[in-house]
Novice: 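Below are the structure tokens for one structure; questions will follow.
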Amino acid sequence: MRKLTFLFALGVLIPLAASALDFTDVSSRYSDAPFAAPDAAGISVLTSIGAVSGNADGTFAPSRTLNRAEFLKIVLLSSPHAVTVTAGDAAACFPDVRVADWFSRYVCLGKTRGVVSGYPDGAFRPGNPVNYVEALKMLGTEFGVENAVVSASRPWYERYLSAAASKGLLFSSSIRLDSFLTRGQMARLTAAYVADAQGQLAAYRAAEQGSSSTSSSISTSSSSSSSSSVSSSSSSLSSSLSSSSQSSSSTNMLGLPARSHFLLLGQLSQPIANATYTNSLEAVRVNSITVTLKRKITSIDSLEIVDQNGVDIGRLPLDEVYDLNDMTYRKTFSGSGVYTIPKGAERTLAVEARLKPRGDGGISGELVQVDTIQLVAEGEWSQQLVGVAQSNFVFPQHQTTQGNILSVTSAMATSGSLPVGPAQMLAAFTLSGMAVSGAPSPQVQNLDFQVNKSSAVTVTNWQLGTQNSSDRIPCFVNDTTVSCLTIPADMGTVDVTQPRTLQLFGDVAVDQGATDRMLQVHLSDSGTIGMNGAVRWTDGSTYFTWTELQSPLANGPLWK
């Protein structure tokens with residue numbers, strides 16, 4: 001059986017095209033194996049080519065999500081080209097990417113190669129979970145699986161989606177484009193692109209069905225080849241998760257400290273709480289972890305505990321024996337997989353929530369908040385059970401939902417000459433959203449616009465409209481706030497595949513002879529749970545007063 005090999009000579013990494021893939025199942029090297037056959041096939045391919053190496057505790061954790069920075073690194077390490085990734089690539093290439101972050105070199109090289117370009121507000125958001133359509137874009141760009149530029153009326157991702165579909169690279173089952181990928185799904189999808197680049201997609205599909213075959217037995221046409229001989233440093237390809245020296249960067253990568261999130265039904269959440277633990281007397285092995293919530297939550301199936309490096313520590317089921325109020329989740333650990341906190345070391349542990357699906361116990365609108373996290377540990381030399389000191393605990397509130405508002409961006413130029421007269425379009429904002437399978441798309445119901453203007457400018461008859469429609473609704477003014485309330489469904493429904501652009505109009509007059517002409521409209525405050533933000537919306541079941549976006553949400557043109 002021909003093996004996939006790499007040749008290192010003078011720092012040169014031979015591209016994948018120089019050697020054929022081997023579809024032998026090597027997933028058993030991970031301590032949480034066995035995996036489902038499709039996951040095992042993808043994990044084996046990426047492990048064999050050195051694109052993944054698992055977590056520091058020896059697991060792969062195929063059911064966990066991964067973030068944008070992690071996925072981009074895997075894309076670059078899986079590339080059909082020989083890609084240089086060195087410390088020299090580290091830069092502040094996005095406002096939320098620091099030179100010191102472990103992922104900086106991958107993100108900045110990815111930006112240089114055109115694999116990523118960031119969000120409309122300029123941020124990269126490395127800690128955000130990567131979704132299906134984002135993954136198709138990154139893989140499509142790096143592997144050359146993209147069609148020619150499509151019509152401007154089509155969604156931006158059409159060129160990547162249609163190209164992947166025509167080559168048979170998409171998942172065989174229906175998965176929403178805005179679904180966050182699990183690590184297992186990531187491995188399957190990325191391995192398909194790797195196999196296709198080698199002309200071995202059919203062989204890989206056979207491996208997904210549990211039929212291992214060598215590269216020479218089955219072949220399909222390749223859509224991508226490589227003639228690049230760019231040098232690469234093997235030391236730069238090591239997994240960040242295995243390095244304890246990068247704990248602070250990894251903590252940032254995981255989105256810590258925890259902040260308020262929408263908890264999507266049927267998915268694993270981002271961290272909902274975190275706390276830091278230390279023991280100065282001796283190294284300790286975690287014996288049990290108990291997490292208590294503020295209230296009973298119907299929608300939570302279980303809680304997951306991970307450390308600051310993303311290492312899975314364990315799944316906490318509901319304590320159905322001692323807790324009569326259904327608010328406590330507990331797990332007792334034993335065996336070789338026990339988590340250890342070295343003497344004098346600090347470890348930040350995060351709590352993630354696995355939500356029940358919509359229609360199968362998951363309901364919208366539940367308020368979720370952790371009350372306590374308790375660790376009981378056993379001293380390595382004393383063998384006595386001890387409590388572990390807790391500090392820096394963060395327990396914010398969250399809400400369960402069957403949808404979410406994903407983005408709010410300005411749809412107009414950043415500045416311009418102040419338009420004067422009736423029915424002038426003064427701002428336009430594009431909103432996108434998503435819904436879990438079977439749920440209706442989110443609907444924006446109320447908007448509060450903040451207006452900054454000079455005293456010489458007067459605006460009356462504020463109205464809200466949308467593209468491709470002449471219908472408008474009146475809005476109301478209170479000091480510097482323009483409120484557009486009870487927005488109809490045909491105007492306010494938003495979806496990730498069909499973003500909605502809402503336009504704000506007004507009759508503009510300027511004092512005669514005035515030189516101080518200025519006007520700007522903002523969607524400012526993102527809001528909080530129970531406190532009104534600029535965008536209030538419903539997922540079809542619950543009315544939400546906030547969005548999980550940074551303030552200000554978006555700024556309209558600066559008119560002068």
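If you're wondering where the values come from, they're calculated on a predicted model, not measured in any experiment.
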Novice: Between the main-chain N or O of Leu76 and the side-chain N or O of Arg113, is there a donor-acceptor pair closer than 3.5 Å?
Specialist: no
Novice: Could you check whether any side-chain N or O of Asn555 sits under 3.5 Å from a backbone N or O of Leu523, counting only pairs where one atom can act as donor and the other as acceptor?
Specialist: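 No; zero donor-acceptor contacts below 3.5 Å.
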Novice: Quick check for you: to the nearest 0.5 Å, what is the distance between Leu136 atom CG and Leu189 atom CG?
Specialist: 6.0 Å
Novice: Could you tell me whether Arg64 and Glu304 have a side-chain N and a carboxylate O separated by less than 4.0 Å?
Specialist: no
Novice: May I have the step-by-step check of side chain to side chain contact (heavy atoms under 4.5 Å, CB included) for Arg315 and Asp301, ending in yes or no?
Specialist: CA-CA 10 Å; Arg315 170 184 173 272; Asp301 179 68; 4.0 Å; yes
Novice: Hey, are the side chains of Phe429 and Leu504 touching, using non-hydrogen atoms and a 4.5 Å cut-off?
Specialist: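 Phe429 vs Leu504: side chains apart.
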Novice: Taking side chain to side chain donor-acceptor pair (under 3.5 Å) as the definition, give me every residue that meets it alongside Thr547, ordered by chain and number, with sequence neighbours left out.
Specialist: none
Novice: Are Thr190 and Phe71 packed together at the side-chain level, in the sense that at least one heavy-atom pair is separated by less than 4.5 angstrom?
Specialist: yes
Novice: Just do the side chain to side chain contact (heavy atoms under 4.5 Å, CB included) check on Val133 and Trp156 with the steps written out, would you?
Specialist: CA-CA 10 Å; Val133 73; Trp156 63 266; 4.2 Å; yes
Novice: Got Val145 and Leu139 here, is their nearest side-chain heavy-atom distance under 4.5 Å?
Specialist: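 Side chain of Val145 against side chain of Leu139, heavy atoms only: no contact under 4.5 Å found.
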Novice: Please assess Leu464 against Leu447 for the test side chain to side chain contact (heavy atoms under 4.5 Å, CB included), listing each intermediate value before the final yes or no.
Specialist: CA-CA 10 Å; Leu464 186 72; Leu447 292 173; 4.2 Å; yes
Novice: Do other residues, nucleotides or ligands put more than 12 heavy atoms under 6.0 Å from the OH atom of Tyr119?
Specialist: yes
Novice: When Tyr132 is tested against each of Phe180, Tyr157, Tyr160, Phe171 for ring pair (Phe, Tyr, Trp, His ring centres under 6.0 Å), which residue passes?
Specialist: Phe171
Novice: Tell me the closest heavy-atom pair linking Phe94 and Ser117, and the distance in Å.
Specialist: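 Scanning both residues completely, I find the closest heavy atoms to be CE2-O, 3.6 Å.
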Novice: OG1/Thr65 to CE/Met186 distance, rounded to the nearest 0.5 angstrom?
Specialist: 11.0 Å
Novice: Strictly below 4.0 Å, N to O, side chains only: are Glu70 and Lys73 in salt-bridge contact?
Specialist: no
Novice: Does the Thr59 side chain pair with the main chain of Asn55, one donor and one acceptor, at a distance under 3.5 Å?
Specialist: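 No, because the side chain of Thr59 does not come within donor-acceptor range (under 3.5 Å) of the backbone of Asn55.
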Novice: Any side-chain heavy atom of Ile305 within less than 4.5 Å of one from Val351?
Specialist: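 The answer is yes, as the side chains (C-beta and beyond) meet within the 4.5 Å cut-off.
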Novice: Is Asp448 salt-bridged to Arg536, cutoff N-O under 4.0 Å?
Specialist: yes
Novice: Is it the case that the side chain of Gln402 and the backbone of Leu265 share a donor-acceptor pair, with hydrogens and angles ignored and the cut-off at 3.5 Å?
Specialist: no
Novice: May I ask you to decide if the ring planes of Phe143 and Tyr193 are parallel, tilted or perpendicular, using 30° and 60° as cut-offs?
Specialist: perpendicular
Novice: Filter on salt bridge (Lys or Arg N to Asp or Glu O under 4.0 Å), then keep only pairs touching residues 363-372, sequence neighbours left out; what's left?
Specialist: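 Passing the test, one end in residues 363-372: Lys294-Asp371.
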Novice: Parallel, tilted or perpendicular: which describes the rings of Phe262 and Trp537, with under 30° parallel and over 60° perpendicular?
Specialist: perpendicular
Novice: Between the side chain of Ser469 and the main-chain N/O of Asp471, is any donor-acceptor distance below 3.5 Å?
Specialist: yes
Novice: Rounded to the nearest 0.5 Å, how far apart are OG of Ser27 and CG of Leu46?
Specialist: 12.0 Å
Novice: Please list all pairs meeting ring-ring contact (aromatic ring centres under 6.0 Å, His included) that have one or both residues in residues 289-317, counting only residues at least two apart or in different chains.
Specialist: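 The answer is none; no pair qualifies.
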Novice: May I ask you to check whether Ser432 and Ser407 show a side-chain donor-acceptor distance below 3.5 Å?
Specialist: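 Yes, a side-chain donor-acceptor pair sits under 3.5 Å.
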Novice: Just jot down the side chain to side chain donor-acceptor pair (under 3.5 Å) partners of Gln399, sequence neighbours excluded, or say none.
Specialist: Trp546
Novice: Nearest heavy-atom pair of Ile272 and Ala258: which atoms, and what distance?
Specialist: C-CB, 3.8 Å
Novice: Find out whether Ile300 and Leu355 are in side-chain contact, i.e. whether some heavy atom of one side chain is under 4.5 Å from a heavy atom of the other.
Specialist: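 SC-SC contact between Ile300 and Leu355 confirmed.
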Novice: Tell me whether Thr401 contacts the main-chain N or O of Leu264 through its side chain, where contact means a donor paired with an acceptor under 3.5 Å.
Specialist: no
Novice: For Ser526, does its backbone N or O pair with a side-chain atom of Ser551 as donor and acceptor, under 3.5 Å?
Specialist: yes
Novice: For Asp39 and Pro62, work out which heavy atoms get closest and say how close.
Specialist: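 Of all heavy-atom pairs spanning Asp39 and Pro62, the closest is OD2-CB, 4.0 Å.
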Novice: Holding to side chain to side chain donor-acceptor pair (under 3.5 Å), I want the full list of residues that pass it with Gln445, two or more places apart in sequence or in another chain.
Specialist: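 With neighbours one apart ignored, the set is empty.
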Novice: Decide side chain to side chain contact (heavy atoms under 4.5 Å, CB included) for Phe544 and Ser364; before the verdict, give the C-alpha distance in whole Å, the side-chain angles of both, and the deciding distance to 0.1 Å.
Specialist: CA-CA 10 Å; Phe544 298 100; Ser364 171; 3.8 Å; yes
Novice: Does Asp539 use its side chain to pair, donor to acceptor, with the backbone of Ser541 at less than 3.5 Å?
Specialist: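 Yes.
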Novice: What distance separates Ile405 CD1 from Leu549 CG, expressed to the nearest 0.5 Å?
Specialist: 8.5 Å
Novice: Mind listing the closest non-hydrogen atom pair of Tyr329 and Leu293 along with its distance?
Specialist: CE1-CD1, 3.7 Å
Novice: Might you point out which heavy atoms bring Gly122 and Pro95 nearest each other, and give the distance in Å?
Specialist: O-CD, 3.1 Å
Novice: Checking Thr538 side chain against Gly540 main chain: does a donor-acceptor pair fall under 3.5 Å?
Specialist: yes
Novice: Under a 4.5 Å cut-off applied to non-hydrogen side-chain atoms, are Val130 and Leu72 in contact?
Specialist: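 Of all side-chain heavy-atom pairs linking Leu72 with Val130, none is under 4.5 Å.
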Novice: Any idea which heavy atoms bring Gly530 and Thr545 closest together, and the distance?
Specialist: N-OG1, 3.4 Å
Novice: Is any side-chain heavy atom of Arg183 less than 4.5 Å from a side-chain heavy atom of Leu66?
Specialist: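 Sidechains of Leu66 and Arg183: in contact.
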Novice: Could you tell me which residues satisfy side-chain contact (heavy atoms from CB on, under 4.5 Å) with Thr182, sequence neighbours excluded, listed by chain and number?
Specialist: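 With sequence neighbours excluded, Thr182 shows a side-chain contact (heavy atoms from CB on, under 4.5 Å) to Gln185, given in chain and number order.
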Novice: Counting distance only, does the side-chain N/O of Lys137 pair as donor-acceptor with the main-chain N or O of Val115 below 3.5 Å?
Specialist: yes
Novice: Is there a side-chain contact between Asp96 and Pro126, using heavy atoms and a 4.5 Å cut-off?
Specialist: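 Answer yes - side chains close enough.
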Novice: Rounded to the nearest 0.5 Å, what's the gap from CD1 on Ile297 to CG on Leu367? Could you check?
Specialist: 7.0 Å
Novice: As an exercise, state the distance from CZ of Arg259 to CD of Gln270, rounded to the nearest 0.5 Å.
Specialist: 6.5 Å
